[in-house]
Protein chains: 4
Amino acid sequence: MGRDIAAAGEFDVGQTAPRHHGNRHGRSEHARQAVLEAADDLLVEKGFAGVTMEGIAASAGVAKQTIYRWWNSKTDVLMDAFLQDAAEQLTPADYGDVARDLRTHLRQLAHFLSKSDPGAVFRALIGQAQHDPVFAAAFRTRYLDDQRRRDRLPLERAAQRGQLPADLDVAAEVDQLVGPIYYRVLVTGEPVDQDFTDQLVNGFLRRLPTTLPA
Amino acid sequence: MGRDIAAAGEFDVGQTAPRHHGNRHGRSEHARQAVLEAADDLLVEKGFAGVTMEGIAASAGVAKQTIYRWWNSKTDVLMDAFLQDAAEQLTPADYGDVARDLRTHLRQLAHFLSKSDPGAVFRALIGQAQHDPVFAAAFRTRYLDDQRRRDRLPLERAAQRGQLPADLDVAAEVDQLVGPIYYRVLVTGEPVDQDFTDQLVNGFLRRLPTTLPA
Amino acid sequence: MGRDIAAAGEFDVGQTAPRHHGNRHGRSEHARQAVLEAADDLLVEKGFAGVTMEGIAASAGVAKQTIYRWWNSKTDVLMDAFLQDAAEQLTPADYGDVARDLRTHLRQLAHFLSKSDPGAVFRALIGQAQHDPVFAAAFRTRYLDDQRRRDRLPLERAAQRGQLPADLDVAAEVDQLVGPIYYRVLVTGEPVDQDFTDQLVNGFLRRLPTTLPA
Amino acid sequence: MGRDIAAAGEFDVGQTAPRHHGNRHGRSEHARQAVLEAADDLLVEKGFAGVTMEGIAASAGVAKQTIYRWWNSKTDVLMDAFLQDAAEQLTPADYGDVARDLRTHLRQLAHFLSKSDPGAVFRALIGQAQHDPVFAAAFRTRYLDDQRRRDRLPLERAAQRGQLPADLDVAAEVDQLVGPIYYRVLVTGEPVDQDFTDQLVNGFLRRLPTTLPA
DNA sequence: TATTAAACGAGACGGTACGTCCAGTCTTAGC
DNA sequence: GCTAAGACTGGACGTACCGTCTCGTTTAATA
């Protein structure tokens, strides 16, 4: 579906990409992948300043113009790279238990943001968003809004199960759960371990009204 | 005395700085101020991409080399500019009441981050910190550590007054209070109004153990 | 002709050059000519110190990088400019008479060195050669060696005609003929008129052995 | 003699100069010497481009302003340095024999120009003269005119002795004698050995009218 | 003996040009 | 019709020196 690369597979099943130099079939999937991977690699290896359009083109073995044909800027490339291999790692599981769901999700979020390669890309994109309002809007539209929806799932599911007060401000509660994690990652740079994320869940549970239906 | 520029004041009272072109007083205060203000202005007017060393030099009426003599990069300049006119705006007041102290401080923090000019500089610097680990470390050393200390003050004072549990993890609690604000400012871009910050304080109070000395 | 850009005119009759902005034809002839002319003009108008890479770029309407792509330094540009429009002005004519050939050639050489615009460029290049041994070697390889060969032509032709002693040291004789001209131009700065050059030829003839075939 | 500082010796016989930091006597001889030597050394070691006012100041242990107080430019310094230790090496000896005088003088001139350290400075200055007419004029006034006068001495002395035709154009003859040497040094870069200079003298003698008083 | 003024070191300053890097555009040839 | 290739304009980068300008100190002549 959608971003599936295998669509190219119609004429290329099970082989390496044909590496054509232009044709009438439309966009070269080979070039697209090479660009995204090159951008990703450059970021992880050399940091944000080491990612340049020329560098991506060179290490992807692709012409600069080919990049500009499909993307507007290096952050646009990075965003695509990020969306492709990172987006779905953060869908919270559903164990039917809000406490467990939250604990698992926050642990995963913390790990993703502070330890994984896609997390490094994410931090770079968030950084860029502070410098460029247009990019910030695009990034929110293409990723953050979805992610916030996913972050809300555990609470919404619990609410549907009647395990939470009907009038709970889910959005605000979620901000209180994930906000401190982002804060540590983006601002203080402290490690975010399980104790910390578990404590966030505990705090959430403690500030709920005590009288609830089992 | 010594290299104090104000020494000129003895015979120059109430006038503009003497605008020397280098001498062994050492650094020109005039140039320093002009650079910091120019950087600040450019950031607010044209955004981060509009801040260049050449632009700062030109609009400060200063030679590029003079900037490089004292700063390493445009973010270094911006950090100085930020520290100079923003650092102390975020010292929490002390009303002797932890709830009131927190409410006031968080409102102020939210306003500073999302509405003020220094807040724009701050966001730019945090953005840069995502791209540049060396800068991140410097920024934390020169500003964020202090700010975290200030953020802890309301809770520490309350703890000293015996109004909080002795075993309260102050650092973690502060992260839960300010984290959501930074999250909204840096990540979601949502406005942060008083309802939101007050709710954070309420949540904090609610998750305290109920039995406390008055 | 010479530096006429209109060579492109075969397919572009009566119009300005196509002025492309880079393509895979390779090098832009328009840019090349503009740079050489700008360098030439700047040297004549403002002297050697007035020739800068930035100045050339600006007055040629060309990006600095385009210059650096094809030349290494301003003297490299000047050498190309010189070679292009000056190299062949100094080929001695052949009247079949060594005295007349020499007289004509030395007059032309003197005029070229001390009065013409290319001569001004030449003097600047010789000046640079005193400061930069690498450039000196390049200049000798690319121009001076050829010129010395041309300077020898009148004597060599006369020798072939049997009008000169078989054992004449042609190279040394040529140095005695042209050396004083260069000396006046480069060292004393005195004008070099026809009397002077004719006297050189007379001296040459007089120091030949008197018994020669007619 | 030469660059002997011993003028200061009145109160400092046989010791190093007193190294004062300014006084109302006037100029510091120590600083003057240090500058000239530093300029000389830099030229020989690093070439003309390696001579900068800042470099001279640094390696002379002198403030830049001290140099600018007494000289106008690096070529001005170099000219002084040259004049001081090189000027008088080129006074032709007087053996009473024009052939011998010339032979000796031209050999010495050739060696000076192409082999000695002062010769390297001289070439740099001549190079600069090609780039800067004002400097060229100064150099001619302060050195070259004198040198030409010295170069004429052998012929003038011979003329006074009645050994040369009364109507000999001494200036032109001298140009024909020294010109080829300068030409080789400045233009072709060829070595100038004794054969070459002796041949110049022979040529001169041969083109004299044969009937002369003994 | 105390004052004074020229020359000194130090070094910051406003500038100009350097040579490099990358962004983003454009044109062509190959498949 | 998309690609690789690559030359182009434009502009910021960070560096090196330029020549100018104090400043605080040293020093010998003068008062």
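All chains are named by letter (A, B, ...) in the order of the sequence lines, taking the proteins before the strands, and each is independently numbered beginning at 1.
- The distance from atom CD1 of C:Ile56 to atom P of E:dA17 is 12 Å, rounded to the nearest whole Å.
- Not a single salt bridge (charged side-chain N to carboxylate O under 4.0 Å, His left out) links A:Asp41 to another residue, sequence neighbours left out.
- C:Ala136 meets the side-chain contact (heavy atoms from CB on, under 4.5 Å) test with C:Ala129, C:Arg140; sequence neighbours excluded.
- Remark: C1' of F:dT3 and CD of A:Gln33 are 17 Å apart, rounded to the nearest angstrom.
- At whole-Å resolution of the value, CZ in B:Phe48 and P in F:dA12 are 14 Å apart.
- Of the residues near DNA chain E, C:Thr52 and A:Glu54, the one whose nearest nucleotide (by heavy atom distance) lies more toward the 5' end is C:Thr52.
- Separating the CG atom of A:Asp76 from the P atom of E:dA23 is a distance of 14 Å, rounded to the nearest angstrom.
- Between the C1' atom of E:dA7 and the CZ atom of D:Arg32 lies a distance of 16 Å, rounded to the nearest Å.
- F:dT15 atom C1' lies 12 Å from atom CE of B:Met53, rounded to whole Å.
- When the side chain to side chain donor-acceptor pair (under 3.5 Å) test is applied to D:Arg32, the partners found at least two apart in sequence or on another chain are D:Glu29, D:Gln84.
- Residues D:Gln65 and A:Gln65 both approach DNA chain F. Their nearest nucleotides, taken by heavy-atom distance, put A:Gln65 toward the 5′ side.
- Remark: the B:Lys64 side chain and the F:dG14 base include a donor-acceptor N/O pair separated by less than 3.5 Å.
- A:Glu29 places its CD atom 17 Å from the C1' atom of F:dG1, with the value rounded to the nearest Å.
- Side-chain atoms of D:Asp132 do not come within 3.5 Å of backbone N or O of D:Gln128 as any donor-acceptor pair.
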Contacts under 3.5 angstrom, residues 45-65 of chain D side chains, donor-acceptor by atom type, not counting sequence neighbours:
| from | atom 1 | to | atom 2 | distance (Å) |
| --- | --- | --- | --- | --- |
| D:Thr52 | OG1 | D:Gly55 | N | 2.8 |
| D:Glu54 | OE2 | D:Lys64 | NZ | 2.9 |
| D:Ser59 | OG | D:Gly55 | O | 3.1 |

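- Contacts of residues 66-75 of chain D with DNA chain E (heavy atom under 4.0 Å): D:Thr66, D:Arg69, D:Trp70.
- Under the salt bridge (charged side-chain N to carboxylate O under 4.0 Å, His left out) criterion, D:Asp80 pairs with D:Arg142, not counting sequence neighbours.
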